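In what follows, a structure is listed as structure tokens, so that the remarks can point back to it.
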Amino acid sequence: MTFHIITLFPEMFDSYIKRSILGRAIEDKKIKIKFYNPRDFTKDRNRRIDRKPYGGGPGMVIEAMPVIKAIEKAKGGKKKVKIIFLSPSGAQFDNNYAKKATKNYSDIIIICGRYEGVDARVKKAFKMEDVSMGNYVLTGGELPAMAIIDCVSRQVEGVLGDFNSLEDSRVSSPDVYTRPEVIEHKGKKYRVPKVLLSGDHKKIEEWKKNHKYPKLQNVKN
Ligand code: SAH
């Protein structure tokens with residue numbers, strides 16, 4: 001899977017993607033992440049790409065043409081490409097979306113907006129989907145893009161080890177415990193639920209089922 005990120009701030013991604021599981025996935029060539037800065041695709045002498053919105057209003061809008069050219073560069077001649085236009089009013093991103101994307105595409109282009117967003121004509125020039133990370137407004141699309149890279153990459157075969165198998169293919173619980181069995185804080189003792197120490201796998205699975213992620217259990221395979 002190759003991610004093509006269109007962003008004014010590629011350096012924002014550095015520390016997150018270079019560490020831990022994603023860092024290893026890149027090293028192992030399971031995933032690839034490429035960056036395209038719209039500023040590199042403008043003819044403006046000062047590399048300026050933001051302008052006042054037509055119709056008035058606050059904030060600046062990112063020009064369409066530098067973004068369109070960046071998308072063209074990312075797309076090349078590739079066929080199985082999905083284009084995501086990040087927007088707080090798009091369709092809610094979730095595990096199912098990530099799973100389908102992994103199955104059907106080899107390349108995902110993600111357009112990160114900033115300021116008031118990107119000129120809407122970009123959405124007419126290519127087939128793409130408006131995708132939201134949640135019902136809140138952020139200052140830019142970089143965090144949502146990182147969340148998408150992270151979640152989709154977990155679905156790519158070989159990115160997670162056996163130990164870390166995907167939540168929707170096993171019984172998983174959001175409540176997890178590790179050593180020691182008892183901790184003490186401000187005079188109070190906190191213990192690990194007894195069942196997890198019992199070695200009784202049937203009972204443990206039962207306990208996990210009652211502590212599951214209600215939404216993730218509905219993920220379609
Ligand atoms: N005024 C715009 C929002 C601009 S926020 C509006 O009302 O739609 C600036 C950019 O941040 C957006 O273009 C988008 O790329 C990104 N962004 C902000 N919140 C987001 C969210 N919840 N999901 C996905 N992208 C988001």
Side-chain angles (χ1 to χ4, degrees), residues 1-17 22 31-42 44 46-75 81-102 104-105 107-156 213 215-216 218-219:
M1 175 66 75
T2 303
F3 299 93
H4 306 263
I5 312 299
I6 296 175
T7 172
L8 296 174
F9 301 101
E11 65 283 358
M12 283 184 180
F13 290 75
D14 268 12
S15 60
Y16 192 77
I17 63 171
L22 289 186
I31 61 166
K32 219 187 220 178
I33 307 176
K34 293 182 168 179
F35 295 97
Y36 308 80
N37 190 335
R39 288 192 200 283
D40 296 335
F41 297 87
T42 174
D44 186 80
N46 302 314
R47 299 187 0 118
R48 179 162 177 200
I49 43 72
D50 60 310
R51 305 283 167 186
K52 285 186 184 150
Y54 280 123
M60 300 299 264
V61 174
I62 298 172
E63 286 176 30
M65 277 322 289
V67 176
I68 288 176
K69 285 180 188 158
I71 296 171
E72 282 297 357
K73 176 91 188 283
K75 244 182 117 196
V81 185
K82 183 180 200 62
I83 310 180
I84 293 176
F85 187 92
L86 290 172
S87 155
S89 46
Q92 171 68 50
F93 178 79
D94 63 13
N95 247 22
N96 276 328
Y97 191 96
K99 196 180 270 278
K100 271 194 212 150
T102 326
N104 302 326
Y105 300 94
D107 293 79
I108 299 179
I109 300 175
I110 305 177
I111 303 160
C112 304
R114 275 267 147 189
Y115 322 123
E116 265 304 288
V118 178
D119 187 311
R121 285 171 289 184
V122 167
K123 292 195 271 187
K124 301 221 165 110
F126 303 89
K127 192 173 162 260
M128 61 179 78
E129 285 168 4
D130 277 45
V131 173
S132 166
M133 202 40 59
N135 199 11
Y136 43 78
V137 182
L138 299 165
T139 55
E142 286 74 15
L143 273 178
M146 277 190 255
I148 292 174
I149 293 172
D150 189 308
C151 184
V152 171
S153 297
R154 293 179 95 247
Q155 304 281 346
V156 173
Y213 297 102
K215 277 191 182 153
L216 281 180
N218 296 328
V219 170

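Since the structure is predicted, the reported quantities are computational estimates derived from the model, not experimental observations. All ligand and atom numbering here is 1-based and tracks the order in the structure.
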| Of the protein's non-hydrogen atoms, which lies at the shortest distance from atom 2 (C) of ligand 1, and what is that distance? | Glu116 O, 3.7 Å

| query | Heavy-atom distance to atom 6 (C) of ligand 1: which of Ala145, Pro88, Gly57 wins? | reply | Pro88

| query | Arg114 to ligand 1: N or O pair under 3.5 Å? | reply | no

| request: Measure from NZ or CZ of Lys123 to the centre of the six-membered ring of Phe85, then state whether that distance is under 6.0 Å and the direction lies within 45° of the axis. | output: yes

| query | Which ligand 1 atoms, with their elements, are less than 4.0 angstrom from a heavy-atom of Met133? | reply | 21 (C), 22 (N), 23 (N), 24 (C)

| query | Does Ser87 come within less than 4.0 Å of ligand 1, judged by its heavy atoms? | reply | yes

| field | Heteroatom proximity flag, Leu86 to ligand 1, N/O under 3.5 Å | value | yes

| request: Please report which non-hydrogen protein atom sits nearest to atom 19 (N) of ligand 1, along with the residue it belongs to and the distance in Å to one decimal place. | output: Leu138 N, 3.0 Å

| Is any NZ, NE, NH1 or NH2 atom of the basic residue among Asp107 and Lys32 found under 4.0 Å from an Asp or Glu carboxylate oxygen of the other? | no

| Enumerated ligand 1 atoms positioned under 4.0 Å from heavy atoms of Gly134 | 22 (N)

| task | Could you go through the side-chain contact (heavy atoms from CB on, under 4.5 Å) check for Val67 and Ile62 one step at a time? | result | CA-CA 8 Å; Val67 176; Ile62 298 172; 3.8 Å; yes

| field | Asp44 atom CG: more than 12 heavy-atom contacts under 6.0 Å | value | yes

| field | Enumerated ligand 1 atoms positioned under 4.0 Å from heavy atoms of Ser132 | value | 22 (N), 23 (N), 24 (C)

| said: Within the 4.0 Å heavy-atom shell around Val137, which atoms of ligand 1 are there? | reply: 5 (S), 19 (N)

| task | Say whether Cys112, considering both its backbone and side-chain N or O atoms, lies within less than 3.5 Å of an N or O atom on ligand 1. | result | no

| task | Give a yes or no on whether a salt bridge exists between Asp40 and Arg47, defined as a side-chain N under 4.0 angstrom from a carboxylate O. | result | yes

| task | Could you verify whether a donor N or O on one side chain and an acceptor N or O on the other, from Gln92 and Ser132, lie under 3.5 Å apart? | result | no

| Of all the atoms in ligand 1, which lie at a distance below 4.0 Å from a heavy atom belonging to Gly117? | 13 (O)

| said: So is Tyr115 touching ligand 1 or not, going by heavy atoms under 4.0 Å? | reply: yes

| Salt-bridged, Lys82 to Glu129, with N to O below 4.0 Å? | yes

| Taking N or O atoms only and a 3.5 Å limit, does Gly113 qualify as a polar contact for ligand 1? | yes

| message | Below 3.5 Å, N or O to N or O, backbone or side chain included: is there any such pair between Pro144 and ligand 1? | response | no

| field | side-chain contact (heavy atoms from CB on, under 4.5 Å) evaluation trace for Asp150 with Tyr16 | value | CA-CA 10 Å; Asp150 189 308; Tyr16 192 77; 2.6 Å; yes

| field | Ligand-residue contact atoms, ligand 1 with Gly141, heavy atoms, under 4.0 Å | value | 11 (O), 15 (O), 16 (C)

| said: I'd like to check Met128 versus Val122 (side-chain heavy atoms, cut-off strictly below 4.5 Å). Are they in contact? | reply: yes

